[in-house]
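The structure displayed is predicted, hence computed values, not measured ones.
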Amino acid sequence: MSDHQLRVSKIRSGTVIDHVPGGQALRVLAILGIDGTGGETVSVAMNVPSDDMGAKDIVKVEDRELSQAEVDVISLIAPEATINIVREFDVVEKNRVVRPEEVHGVLQCPNANCITTEAEPVESEFTVLREGVRCVYCDTLLREDIAQYIQ
Amino acid sequence: MRHDHLITATQLSRDDIEAVLDRAAEIADDPPEREAVLGLLFFEPSTRTKMSFDAAMKRLGGTTVDMGSVDSSSVKKGETLADTVRVVEGYADALVLRHPSEGAAEMASRFVDVPLVNAGDGAGQHPSQTLLDLYTIRENAGLDDLTVGIVGDLKYGRTVHSLASALTNFDARQHFISPESLQLPRSVRFDLHQEGAQVREHTDLDGILPELDVLYVTRIQRERFPDENEYRQVAGQYRITPETLDAAKDDLVVMHPLPRVDEISSDVDDLPQATYFEQAHNGVPVRMALLDMLLENAEDGAGGVSS
C-alpha cells in the first residue's frame with residue numbers, strides 16, 4: 001500500500017495492532033483500557049479491505065508497548081493479529097499473537113456464583129478454546145463480551 | 001480408578017466408573033478395613049449425602065469429624081474456604097465438601113494433599129451422586145443400549161449435570177425435558193456436544209415417555225420462578241403419577257435424587273417402577289467403594305491421573 005493510500009499515518013513509537021477482524025478495533029481498545037480519557041494518541045482504521053481477511057481493523061497506539069497479558073487477551077478476539085512494535089518510525093519487532101492455552105488473573109469469571117469471585121486466595125483461570133474461554137473452576141463459557149470481563 | 005480427588009463427573013472414564021460400581025457391588029459382603037477419618041465439610045444443608053458418607057466411612061471401619069453447620073463454625077467469622085480446608089486436612093485422611101459456590105471443590109482440592117470429594121458445588125457438579133445413580137441404573141436396566149429421560153430443573157440441577165456427562169461414556173440416548181427457562185446450561189451442552197452424545201431436548205414429557213428405559217426426575221424449586229402461578233403450572237406439568245406411567249414401558253425405572261416435594265406422587269411409591277428409595281440406599285455401598293479407592297490411592301502415594 002503506497003503512502004498516499006494510507007488511511008492512518010505512520011507512528012513514531014508505539015504499537016501497531018494489525019489484522020484485527022473487521023469491527024473488533026473498539027474491543028481491542030477496551031482490552032487495552034483505552035477510552036480516550038488517558039490522553040494517549042490512538043489511530044483506528046476499521047473495515048479496511050484486506051486480501052486475507054475480507055475486512056480488517058488496525059489500531060495504532062503511540063508511546064506504548066503491550067504487555068504479554070494484554071497480547072494474550074487480544075489473541076482471544078483477534079487470533080490472526082500481528083503486533084508491530086515501532087521505534088523511531090521503524091518496525092523493530094513484528095509478532096503474530098499466539099493464543100495461550102490458559103489465561104491467569106486476566107479475566108473475571110462472568111458467573112457471579114463462581115468461587116473465584118469470592119474473597120478466596122486464588123486468581124481466575126481460564127482455558128482457551130477454539131471459540132472463547134472457559135473457567136477452570138466453574139466451567140462457565142465466555143464467548144461474547146470477553147473485553148467486558150477484563151480485570 | 002486412579003484419581004487424587006473426585007471433583008467432576010467429566011473426569012471419569014467408563015473404566016473409572018465401572019471400577020467403582022464393581023467394587024460397590026461386592027463391598028457389602030466383604031468390606032475392606034479402612035481405619036481412616038473422614039472430614040465432613042457441609043456449607044449447605046444436607047441429609048442424604050452427608051449421612052451416607054458418614055455411614056460409608058463408619059462401615060469401612062473408620063470414623064468421621066464434622067464441621068457442623070455454617071452458623072456454628074468459624075466460616076461465620078469470615079474464614080476463607082481455602083483456610084478451612086487446609087486446617088481440616090490436618091484432622092482427617094479425606095474430605096467431603098459441599099459448598100454453595102460453583103468451583104468450590106476444584107479450588108479446595110488445590111489446597112489439600114488428602115483426597116477430596118465434591119458433594120455438590122452450587123449449581124455445578126455432584127459426581128458421587130452420579131456414581132450411585134449409575135449403580136442403580138446398572139442394577140435395574142443395564143448400562144448398554146439405554147434411553148434415559150431427565151426431567152425437571154436441568155439448569156441448576158447439579159445431579160443432572162454430572163449424570164448427563166457421565167452417561168456419555170455409555171451407549172445411552174439422553175432426552176432432557178424441562179421448561180425453556182430451566183434447560184441445560186451452555187457449559188453442559190458444550191461438554192455433551194464435545195463427547196458426541198446423543199441428546200434431544202423437549203418441553204413436553206408425554207411424547208418421549210413411551211421410549212424411555214429410565215426416567216430421572218428432579219425437583220423444580222419454587223424460587224426459580226418469578227411468581228407462584230408460573231411455578232405451579234410448570235411443576236404440575238411434569239408431575240409423575242400412576243396415570244402418567246400408563247403410557248410408559250412396564251419396566252421403566254423411575255429415579256429421583258431426593259428430596260422430592262410433590263414431583264412424584266406418593267402413590268407411585270408402591271409401583272414396581274419406583275426405584276428412588278433403592279437409589280438412595282445405594283449411596284452407602286457406592287460411597288464405601290469410592291472412599292476405599294481414593295484412600296487406597298492416597299496410601300499408595302500413586303497419585304496417578306490428577307483431577
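At a heavy-atom cut-off of under 4.5 Å, chain B is reached by no residue from residues 13-42 of chain A. Listed by sequence position, the residues of residues 64-102 of chain A in contact with chain B number zero, using a 4.5 angstrom heavy-atom cutoff.
Using a 4.0 Å cut-off between a side-chain N of Lys or Arg and a carboxylate O of Asp or Glu, B/Arg110 and A/Glu123 do not qualify as a salt bridge. Look at B/Asp191 and A/Arg134 and you find a salt bridge, because one of the NZ, NE, NH1 or NH2 atoms lies within 4.0 Å of a carboxylate O, short of that distance.
If you measure heavy-atom distances from B/Pro100 to chain A, the contacts under 4.5 Å come from the backbone alone.
The two residues B/Ser101 and A/Cys114 make their nearest non-hydrogen contact at CB-C, 4.5 Å. Heavy-atom minimum distance, B/Thr80 versus A/Ala119: CG2-O, 3.1 Å. Shortest non-hydrogen contact noted between B/Glu106 and A/Val136 is CG-O, 4.0 Å.
For B/Arg48, the CZ atom is densely surrounded, since the number of other residues' heavy atoms within 6.0 Å is greater than 12. Enclosure of atom CZ in B/Arg200 is not indicated, since only 12 or fewer non-hydrogen atoms of other residues, nucleotides or ligands lie within 6.0 angstrom. Within a 6.0 Å sphere centred on CD of B/Glu180, heavy atoms belonging to other residues, nucleotides or ligands number 12 at most.
Atoms CG and CD1, on B/Asp121 and A/Ile115 in that order, are 9.0 Å from each other to the nearest 0.5 Å.
One N or O on the side chain of B/Arg186 and one on the backbone of A/Leu141 form a donor-acceptor pair closer than 3.5 Å.
Considering only heavy atoms from C-beta on, B/Glu102 comes within 4.5 Å of A/Asn111 through its side chain. Using a 4.5 Å heavy-atom threshold, the side chains of A/Leu129 and B/Phe190 count as touching.
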- Audit row: B/Arg86, A/Glu120, salt bridge (Lys or Arg N to Asp or Glu O under 4.0 Å) steps and yes/no: CA-CA 13 Å; B/Arg86 275 180 288 188; A/Glu120 297 291 340; over 6 Å; no
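For residues 99-151 of chain A, the set of pairs meeting the ring-ring contact (aromatic ring centres under 6.0 Å, His included) definition, not counting sequence neighbours, is empty. Screening residues 88-110 of chain B for ring-ring contact (aromatic ring centres under 6.0 Å, His included), with sequence neighbours left out, gives B/Phe43-B/His99.
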